[in-house]
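A short worksheet on the structure shown next.
Below, each value reflects all heavy atoms present in this structure, side chains not excepted, and no hydrogens, waters or symmetry copies. So you know, we letter chains A, B, ... as the sequences are listed, proteins then strands, and number each from 1.
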Amino acid sequence: MKLLTHNMLTSHVKGVIKGYPLLIKATEVKVNEVEFNPQFVCRMIPKLEWCALVQAADQLGHRQDLPGELVPDYEKNEDFLKKVHRVLMEVEVLEGCLQCPESGREFPISKGIPNMLLNEDEV
Amino acid sequence: MKLKELESCLQQVDTFEKPKILLEQYPTSPHIAACMLYTIHSTFDDIEGKLVADLGCGCGVLSIGAAMLDAGLCVGFDIDDEALEIFRRNAEEFETSNVDLVQCDLCCLQGETYAQRFDTVIMNPPFGTKHNQGIDMKFLRAALTMATTAVYSLHKTSTREHIEKKANDWGVKMDVVAGLLSTKSQLFLNENVQTDHLTSLQSYDMICRLPTSFTRRNRLTSRWTSYGSPKPEKLFLEWI
């Protein structure tokens with residue numbers, strides 16, 4: 001599971017009002033090399049929940065020097081875009097779980113695939 | 001990458017080992033997948049550098065194809081962990097770094113989940129033939145929520161009018177981009193069909209379909225003739 005994907009995931013357990021962002025409890029994390037596409041990263045940034053991304057990177061111990069807030073004029077800042085690229089696309093959670101911040105319900109991640117299926121009584 | 005190359009690569013994608021009938025699991029043929037993806041990429045430029053979602057991804061034929069056409073990232077969604085495991089293995093074998101997988105139930109998506117998070121959605125959804133009537137429309141609804149630019153989907157010709165009506169109700173513009181046949185090796189593109197428009201209401205386009213009868217276009221006269229039921233690939237025969 002990449003952090004770009006994690007940024008979209010929400011818990012919808014019955015009764016939960018704000019199941020976002022999901023806390024990451026990782027037992028296995030991998031960093032891959034992924035081709036850097038600055039235009040793609042640039043376009044993704046406005047769609048992200050930036051704080052959730054920073055928090056997730058932090059939880060994985062891979063935040064490095066990613067700023068807590070978006071820098072102005074990031075479109076031309078290749079250094080910054082590379083940092084974002086690394087966090088969005090290269091850091092992967094292989095094993096662990098995602099925890100709903102409200103209900104505490106844990107969604108397992110196995111072999112890099114988060115399981116967001118709810119049980120009958122949670123829907 | 002050329003169309004033939006893409007198709008050739010997709011032929012190497014492993015498919016379902018024990019397809020689950022009730023989930024309507026069947027692989028999208030490499031030929032159809034390649035043609036569909038190639039059209040989306042070269043005619044509409046909706047894959048390269050884009051954030052793509054593959055709904056009901058199964059073993060990942062469409063996603064891996066999108067990744068090969070340099071999608072920024074393609075995220076596959078499916079309910080079945082066995083299918084996702086095969087997809088994961090495929091991604092490993094192809095060394096695709098620009099795919100991600102999520103296990104979830106697309107029919108249970110709450111209103112704003114993933115809303116507008118993707119540029120493009122591609123899919124070959126279940127048709128609703130196995131005690132799950134209406135599932136194709138649920139997938140469409142989910143897709144339209146998730147995409148900002150376009151949804152590309154395959155549907156049976158027999159449901160076309162129904163989909164047109166729904167698209168209208170939802171304020172969505174629908175184009176039939178290609179008429180595809182489910183025979184083993186043939187693909188016929190009906191260019192005439194492309195001019196079938198609804199009144200333009202909003203910003204989404206769709207590709208439909210997987211016809212269930214065999215029609216052939218005479219290249220000299222440009223006339224279409226019906227030949228009755230085709231001999232589709234074995235898997236299609238069981239599900240359709």
Side-chain angles (χ1 to χ4, degrees), chain A residues 1-20 22 30-49 52 81 84-86 88-94 98 107-120 122-123, chain B residues 23 45 47-54 57 60 63 67-68 70-92 95-120 142 145-149:
Chain A
M1 183 195 69
K2 296 179 199 272
L3 293 187
L4 176 50
T5 307
H6 165 264
N7 202 257
M8 302 183 219
L9 299 178
T10 316
S11 156
H12 289 291
V13 174
K14 192 160 70 173
V16 164
I17 299 173
K18 193 167 186 245
Y20 183 89
L22 296 169
K30 193 169 74 152
V31 181
N32 305 304
E33 218 181 278
V34 178
E35 205 181 310
F36 173 52
N37 181 340
Q39 292 93 348
F40 177 67
V41 178
C42 230
R43 286 184 46 247
M44 291 299 107
I45 289 175
K47 292 194 194 184
L48 297 169
E49 291 287 341
L81 292 178
V84 180
H85 165 77
R86 186 177 174 278
L88 281 183
M89 297 289 293
E90 297 190 327
V91 177
E92 263 191 69
V93 181
L94 293 179
L98 298 171
F107 298 91
I109 304 175
S110 164
K111 299 193 191 175
I113 307 174
N115 181 351
M116 306 304 295
L117 292 175
L118 294 174
N119 302 318
E120 267 175 39
E122 292 172 314
V123 176
Chain B
L23 294 178
D45 193 21
I47 294 188
E48 189 175 333
K50 303 287 194 302
L51 186 57
V52 180
D54 178 358
C57 60
S63 292
M68 286 179 185
D70 292 320
L73 178 69
C74 184
V75 185
F77 295 84
D78 204 283
I79 198 172
D80 181 33
D81 52 347
E82 281 168 20
L84 287 168
E85 170 57 23
I86 298 177
F87 182 167
R88 193 197 59 76
R89 266 185 0 225
N90 279 322
E92 219 171 64
E95 292 175 343
T96 1
S97 58
N98 50 345
V99 291
D100 217 354
L101 289 69
V102 176
Q103 183 177 10
C104 69
D105 184 353
L106 289 161
C107 296
C108 290
L109 283 193
Q110 302 281 312
E112 291 311 293
T113 322
Y114 311 116
Q116 309 267 304
R117 297 304 288 258
F118 292 90
D119 296 311
T120 306
T145 308
M146 291 163 76
T148 53
T149 309

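Both the backbone and the side chain of A:Met8 come within less than 4.5 Å of a heavy atom in chain B. The part of B:Arg88 that comes within reach of chain A is its side chain, from C-beta onward, which places non-hydrogen atoms under 4.5 angstrom from that chain. Using a 4.5 Å cut-off between heavy atoms, B:Val75 contacts chain A through its side chain alone, with no backbone atom that close. For a residue to count as touching a neighbouring chain, one of its non-hydrogen atoms must lie under 4.5 Å from one of that chain's; by this rule A:Leu118 does not touch chain B.
Counting heavy-atom pairs closer than 4.5 Å to chain A, the top-ranked of the candidates B:Leu101, B:Asp70, B:Asp100 is B:Asp100. Interface remark: of the candidates A:Met116, A:Glu90, A:Arg43, A:Met44, A:Arg43 forms the most heavy-atom pairs closer than 4.5 Å to chain B.
Taking CE of A:Met1 as the start and CD of A:Glu92 as the end, the distance is 9.0 Å to the nearest 0.5 Å.
Among residues two or more places apart in sequence or in another chain, the side-chain hydrogen bond (donor to acceptor under 3.5 Å, both in side chains) test is passed with A:Thr10 by none.
Residues B:Glu92 and B:Arg89 are not paired through a salt bridge, judged by the lack of any N-O separation under 4.0 Å between the basic side chain and the carboxylate.
Heavy-atom neighbours of chain A within the stretch residues 76-84 of chain B, taken at a separation under 4.5 angstrom, comprise B:Ile79, B:Leu84. Within residues 13-20 of chain A, no residue has any heavy atom closer than 4.5 Å to a heavy atom of chain B. Residues of residues 32-40 of chain A that come closer than 4.5 Å to chain B, counting heavy atoms only, are A:Glu33, A:Val34, A:Asn37, A:Phe40, ordered by residue number.
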